[in-house]
Amino acid sequence: MDNSELLSRMGVYTSRAPRYTSYPTAAQFTTEIGNSFLVDQLEALPTDSPVSIYIHIPFCERLCWFCACRTQGTRTSRPVEIYLETLKAEIRLLGKTLPKGVKMARLHWGGGTPTILPPRLIDGLNKTIFDHLTPADNFEFSVEIDPTLVDKDKITALRAGGMTRASIGVQDFAPKVQAAIGRMQSVEQTRDCIDLLRGAGINSLNMDILYGLPYQTEKSVLETVAHVGELNPDRIALYGYAHVPWMAKRQQLIDEATLPDGPARRGLFTKMTRALGDFGMIPIGIDHFAKPGDSLSRAANTGGLRRNFQGYTTDQCDTLIGLGASAISKLPGGYAQNAPKSSQYLRMIGAGKFATQRGVAMAAQDKLRARAIELVMCDFALDTTDLQREFGGAVDALTHPLQEIRRKFAEALEFSATGFIIRDHKRALARLISLEFDEYAHEGARYSMVS
Ligand SMILES: C[S@@+](CC[C@H](N)C(=O)[O-])C[C@H]1O[C@@H](n2cnc3c(N)ncnc32)[C@H](O)[C@@H]1O
Ligand code: SF4
């Protein structure tokens, strides 16, 4: 039986599942979690523990129709300036709350479009960050860059603030596809942006591209990949387009009749994966690629790959603190999310407090299941003897999900007495297998397509 028929029978082309950038997923967040949970968790961090910081800039000049990110359109600088003052107040509050000695290992600016900020605001935000948070020795600073909204002065300001890695939004280069997703961006604009970044000494570049978009064909996506290959990034995120118009209302502008179906999506992914392989890119996890010498490839080879809200990462910190409207913090005891609307966020921080509005506390069971899911999503393998070292006898709780995996995926996986391995061409099953460890997943939940 060929791989595609097997994947089809296992439900890859018809099923929906979380992308498991967290467990429990955001669907489990409740308003029982508030500021007191966040403050208790932050105050209890060991004095020498490293933390990662995520800064959310929820503004864009253009609102692309395909985009499911939490952001709002603006053409004036006033709302951005007000928001940044509030963000700085939140950073000062964090600096006061964290135990002395806690250092910032990673800093990531995402959005939205961080490059909407003019150099003056970039400098001001960085000054506040570094006045209140101390970078660790191996500090890394990455920023999401929109090539149509960036210039030399902004990149110079980001570099002066310590930026070490850039993540560039591309999605697709075919004009017909771009028109259908409301995002025009030429290869030349993208190349100019990359030249500016490299000219400023930023030599670690990621590029986001998508499969599953309207009108994409195997021929058109290979042309996009050829342009990407020529631009020569160090890493690529090849995300499946998540069509979730009930959550991201902008997507109602996309004609569903033009979207490829499940098998067609998988076909696009397979073709793009092969073409990226021809450029020497190594597949990482379910949807990332990296050059062999890149730290992401090295982490994947040595069992050091991790998964968080930014996708796959080498970041080993157990604590990721999200700042800004809608930002989510991952804390040792659970998750805390800031108020999603800018107006609520501004009001809560304006009152001198944090802006946690919902989240979830993790019981020991959740931590065990979260680690099992992370291993499936990152290593495509699970061995209960490894988990036993960390979680002891609690691992018995995985007996039933493991039996179910053995029953449902018998033909697809390699089993041992204590676990299983998902081999290369079956990796598309990772989200469905993770679902077996998810105690909260329920039938009828509106997740995105697995394929
Ligand atoms: C904050 S955006 C990119 C930064 C910048 N604003 C830009 O447009 O270049 C982060 C990434 O999320 C991905 N993304 C957004 N909406 C998506 C969707 N519906 N399905 C899959 N990926 C999506 C895109 O690849 C996008 O580049
Ligand atoms: S893709 Fe980027 S620019 Fe477009 S709406 Fe999303 S965050 Fe904004």
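Counting starts at 1 for both ligands and their atoms, following the listed order. Here the structure is a predicted model, which is why all the values come from computation and not from measurement.
Of the polar atoms of Ala68, at least one N or O is found under 3.5 Å from an N or O of ligand 1, judged by distance alone. When only interatomic distances are considered, the shortest N/O to N/O separation between Gln171 and ligand 1 falls below 3.5 Å. Residue-to-ligand polar distances keep Ile168 apart from ligand 1: every N/O pair is separated by 3.5 Å or more. Of the polar atoms of Pro147, none of the N or O atoms is found under 3.5 Å from an N or O of ligand 1, judged by distance alone. Between Arg183 and ligand 1, a contact under 3.5 Å exists for at least one N or O pair. Close N/O approach between Asp208 and ligand 1 is found [any backbone or side-chain N/O within under 3.5 Å]. Looking at Glu144 next to ligand 1, no N or O pair under 3.5 Å apart turns up.
One option in Ala248, Cys67, Gly110, Ala68 has a heavy atom closer to atom 6 (Fe) of ligand 2 than any other, and that option is Cys67. Here atom 6 (N) of ligand 1 lies nearest to Thr113 when heavy atoms of Ile57, Val244, Thr113, Leu213 are compared. The residue among Phe66, Trp109, Trp65 with a heavy atom at the shortest distance from atom 15 (C) of ligand 1 is Phe66.
If you number the atoms of ligand 1 from 1 as listed, the ones under 4.0 Å from a heavy atom of Gly111 come out as 1 (C). Applying the 4.0 Å criterion to heavy atoms of Asp146 picks out, from ligand 2, the atoms 3 (S). Of all the atoms in ligand 1, the ones that sit under 4.0 Å from a non-hydrogen atom of Gly112 are 1 (C), 4 (C), 5 (C), 6 (N). With ligand atoms numbered from 1 in the order given, ligand 2 contributes 3 (S), 8 (Fe) to contacts under 4.0 Å with heavy atoms of Thr113. Remark: ligand 2 atoms within the under-4.0 Å shell around heavy atoms of Arg62 are 3 (S), 5 (S), 8 (Fe).
Scanning the protein heavy atoms around atom 13 (C) of ligand 1, the nearest turns out to be Tyr239 CD1, 4.2 Å. In terms of protein heavy-atom proximity, atom 20 (N) of ligand 1 is nearest to Ala242 N, 2.9 Å. Counting only heavy atoms of the protein, atom 1 (S) of ligand 2 lies nearest to Arg183 NH1, 3.3 Å. Considering only non-hydrogen protein atoms, atom 8 (Fe) of ligand 2 sits nearest to Cys60 SG, 2.3 Å. Nearest protein heavy-atom neighbour of atom 22 (N) of ligand 1: Leu210 CD2, 3.6 Å.
Distances from ligand 1 to the non-hydrogen atoms of Gly110 include no value under 4.0 Å. Taking 4.0 Å as the cut-off, Ile209 does not count as a neighbour of ligand 1 on heavy-atom distance. Heavy-atom separations between Gly240 and ligand 1 include at least one value shorter than 4.0 Å. Residue contact annotation: Gly112 has a non-hydrogen atom under 4.0 Å from ligand 2. No heavy atom of Cys60 sits closer than 4.0 Å to any atom of ligand 1.
Residues Arg165 and Ser204 bring a donor and an acceptor atom of their side chains to less than 3.5 Å of each other. Side-chain contact of Gln28 with Asp366: a donor-acceptor pair under 3.5 Å is absent, judged by distance alone. Residues Thr86 and Arg347 bring no donor and acceptor atom of their side chains to less than 3.5 Å of each other. No hydrogens or angles considered: nothing links the side chains of Arg19 and Ser434 as a donor-acceptor pair under 3.5 Å. Tyr211 and Asp172 form no side-chain donor-acceptor contact under 3.5 Å, judged by distance and modelled atom types alone. Remark: the Tyr345 side chain and the Glu90 side chain contain an N/O donor-acceptor pair separated by less than 3.5 Å. Using modelled atom types, one finds no donor on one side chain facing an acceptor on the other under 3.5 Å when comparing Thr74 with Glu61.
Classified by interplanar angle (parallel below 30°, tilted 30° to 60°, perpendicular above 60°), the ring pair Tyr83/Phe59 is perpendicular. Taking the six-membered ring where the residue is Trp, Tyr54 and His108 present parallel rings, their angle staying beneath 30° rather than reaching 60°.
Ion pairing between a basic and an acidic side chain is recognised when a charged N comes within 4.0 Å of a carboxylate O; Asp294 and Arg235 show such pairing. Using a 4.0 Å cut-off between charged nitrogen and carboxylate oxygen, Asp146 and Arg62 count as a salt-bridge pair.
Ring-centre distance between Phe130 and Phe139: below the 6.0 Å cut-off.
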Task: Evaluation steps, side-chain contact (heavy atoms from CB on, under 4.5 Å), between Leu323 and Lys88 - done: CA-CA 10 Å; Leu323 304 172; Lys88 289 184 199 167; over 6 Å; no
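Partner of Leu94 under the side-chain contact (heavy atoms from CB on, under 4.5 Å) criterion, chosen from Leu133, Ile129, Val51, Leu38: Leu133.
With Phe29 as the aromatic partner, Arg358 does not meet the cation-pi criteria of under 6.0 angstrom to the ring centre and within 45 degrees of the ring axis.
Under 4.0 Å from ligand 2, not a single heavy atom of Leu149 appears. Both the backbone and the side chain of Cys64 come within 4.0 Å of ligand 2, judged by heavy-atom distances.
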